[in-house]
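Would you mind keeping the following structure in view while I ask a few things?
Quantities reported herein were computed from a predicted structural model and do not represent experimental measurements. Every number for a ligand or one of its atoms is a count from 1 in the order of the listing.
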Amino acid sequence: MPFDTLIHNATLLTCNNTFDILHGGWVGVSGGKIQALGTGPAPGRAEVREPIDARGGILMPGLVNTHTHLPMTLFRGLADDLPLNAWLEDHIFPAERAVITPESVRWGTLLACAEMALSGTTTCCDGYFFEDSVAEAVEAFGLRAMLGQGVIDHPAPGVPDPTGNLTAARRFCQRWRERAKTIRASVFCHSPTTCSMETLVGAKRLCEEFGLLFQIHAAETRWENEHLRTTRGASPVRLLEHAGVLDERTLLAHCVWVDADDIAVIAGRRAKVSHNPESNMKLGSGVAPVVEMHAAGITIGLGTDGCASNNDVDLFQAMDMTAKLHKVVNLDPTVLSAETVIRMATIDGARALGLDGEIGSIEIGKQADLIVIDTRKPHLTPIHHPASAVVYAAKGSDVQMVMVAGRLLVKDRRVATIDLEEVMDQVALIRRAFKNRA
Ligand SMILES: [Zn+2]
């Protein structure tokens with residue numbers, strides 16, 4: 001049986017259990033899934049309508065961004081070089097009140113999708129407001145996503161009365177849990193300091209009712225850690241444990257301020273962690289103890305966080321940064337090898353979202369969420385080790401082809417599913433409107 005699509009002439013970085021790398025490899029895709037893979041001449045190549053020649057490039061699973069706020073592309077570079085609380089309260093929250101509407105969320109999300117796809121991300125895990133608009137935009141673009149309606153005990157865009165925050169989240173989950181194959185609903189609680197115990201428990205119950213992932217920012221800053229220890233007598237992680245929200249379907253974004261006791265709790269509950277080194281560095285939050293969390297057996301995926309604190313959603317940059325950051329803070333170049341970091345950005349990220357049975361590696365039966373890195377570049381020549389090239393030398397802009405569930409989203413570095421020029425024009429208009437109001 002000929003494949004719908006055949007990608008050949010590639011170095012396959014499978015990211016499977018044994019991290020197999022196949023030179024001169026090919027992958028056959030039909031019905032949106034990986035049907036076969038191998039090396040040498042691909043079977044039935046002559047019958048495939050449009051075989052994709054990777055030109056000797058690296059073919060790997062699409063990257064998984066485990067923590068982001070897609071519409072925040074609108075605030076890229078709006079307020080830099082500030083501590084988290086001042087950044088959030090004096091700049092981001094007022095900006096959200098001024099310009100966040102279902103319409104602006106749509107354009108900001110489409111921009112984020114284009115940026116992610118063009119830098120090799122095929123799945124993201126998002127939490128924001130007007131999440132319906134986020135979901136519609138992500139679906140229109142064609143990326144795979146875990147999307148959570150934001151829950152916070154403050155007036156928020158689309159939820160002016162916080163007593164309605166869980167009702168809004170419920171409505172989103174009901175609407176999106178089975179609507180699109182590539183979209184999964186989730187609930188995103190803002191943090192243990194901005195959500196009451198009652199809200200946290202209610203949100204987790206909602207997740208349990210529908211079988212969904214519960215996401216929350218946790219232990220991000222020293223202030224949060226000290227504030228909760230002083231006022232509530234517990235660390236952020238302990239507080240979440242007391243609330244009963246920590247289990248294998250919980251994703252904790254950041255975990256910078258966690259001690260050995262917190263790490264043992266996270267590991268014991270089998271909760272997952274999203275590591276966002278660039279956001280933590282830029283906001284001066286600190287360095288998450290990734291090496292210690294790995295040693296405790298915790299699944300850790302990589303994230304970019306929102307564009308306002310990074311200021312991009314490029315996971316290639318995040319991989320490079322992750323590998324180097326932990327070497328320097330541990331004064332040990334052997335920690336977080338290129339292979340480990342690629343796993344974090346692929347299969348471990350998928351596992352953190354509960355999607356490792358479907359995505360995160362190139363294996364027969366998995367979804368055809370694939371990217372090709374063009375290695376005919378000076379900075380990628382020569383390649384002694386493909387994993388090293390991916391983490392330490394490749395850029396997001398080297399991604400040549402992107403497919404999700406067998407559908408081409410990027411071909412020859414061009415976005416195939418939306419009019420990107422229009423999106424950039426619309427975002428520029430939003431920025432102008434925002435400037436006028438400010
Ligand atoms: Zn975040």
Side-chain angles (χ1 to χ4, degrees), residues 64-80 82-89 91-93 95-96 100 105 108-109 112 115-116 121 123-131 134 138 145-154 156-157 169 186-195 200 203 213-225 236-237 240 250-258 271-288 300-315 317-318 321-322 349 352-353:
V64 180
N65 187 346
T66 54
H67 181 67
T68 189
H69 314 289
L70 299 176
M72 293 187 88
T73 48
L74 300 173
F75 306 134
R76 191 196 313 271
L78 170 70
D80 295 327
L82 292 166
L84 188 132
N85 281 4
W87 169 80
L88 198 58
E89 277 156 34
H91 298 272
I92 298 303
F93 285 156
E96 287 179 334
I100 290 300
V105 162
T109 301
E115 192 187 343
M116 285 191 295
T121 292
T123 296
C124 68
C125 181
D126 182 75
Y128 206 62
F129 308 107
F130 291 121
E131 200 68 13
V134 173
V138 172
M146 178 77 73
L147 304 175
Q149 165 69 27
V151 171
I152 187 168
D153 288 337
H154 298 306
S186 158
V187 178
F188 171 70
C189 279
H190 187 262
S191 77
T193 58
T194 53
C195 292
L200 293 172
L213 182 75
F214 172 91
Q215 318 172 41
I216 188 164
H217 292 131
E220 180 174 2
T221 62
R222 181 163 60 183
W223 174 84
E224 175 194 345
N225 186 41
V237 169
L240 294 173
T250 297
L251 178 65
L252 305 170
H254 301 305
C255 290
V256 173
W257 291 87
V258 288
K272 313 299 195 287
V273 170
S274 171
H275 177 44
N276 298 257
E278 290 178 275
S279 173
N280 298 155
M281 288 164 81
K282 184 156 180 282
L283 290 166
S285 301
V287 182
I300 310 172
L302 272 194
T304 59
D305 211 347
C307 248
S309 64
N310 186 313
N311 296 353
D312 60 52
V313 287
D314 181 346
L315 276 176
Q317 221 164 295
M321 206 70 91
T322 301
L353 305 184

### Query
Can you tell me how far the CG atom of L315 sits from the OG1 atom of T304, to the nearest 0.5 Å?
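So the gap between those two atoms works out to 6.0 Å.
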### Task
Hey, can you tell me if F188 and H217 have their rings parallel, tilted or perpendicular (30° and 60° cut-offs)?
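The arrangement is perpendicular - the two ring planes meet at more than 60°.
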### Query
Taking 4.0 angstrom as the limit, do K282 and D80 come out as a salt bridge?
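Salt bridge present between K282 and D80.
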### Message
If the condition is side-chain hydrogen bond (donor to acceptor under 3.5 Å, both in side chains), which residues does T66 pass it with, not counting sequence neighbours?
### Response
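Counting only residues at least two positions away or on another chain, T66 forms a side-chain hydrogen bond (donor to acceptor under 3.5 Å, both in side chains) with S274.
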### Message
What I'd like to find out is whether the side chain of V273 reaches to under 4.5 Å of the side chain of V258, using heavy atoms alone.
### Response
no
### the Zn ion (ligand 1): protein N, O or S atoms that are less than 2.8 Å away, sorted by chain
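The answer, once waters are left aside, is H67 NE2, H69 NE2, H217 NE2, D305 OD1.
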### Query
Between H67 and H254, how do the two ring planes meet: parallel, tilted or perpendicular, split at 30° and 60°?
perpendicular
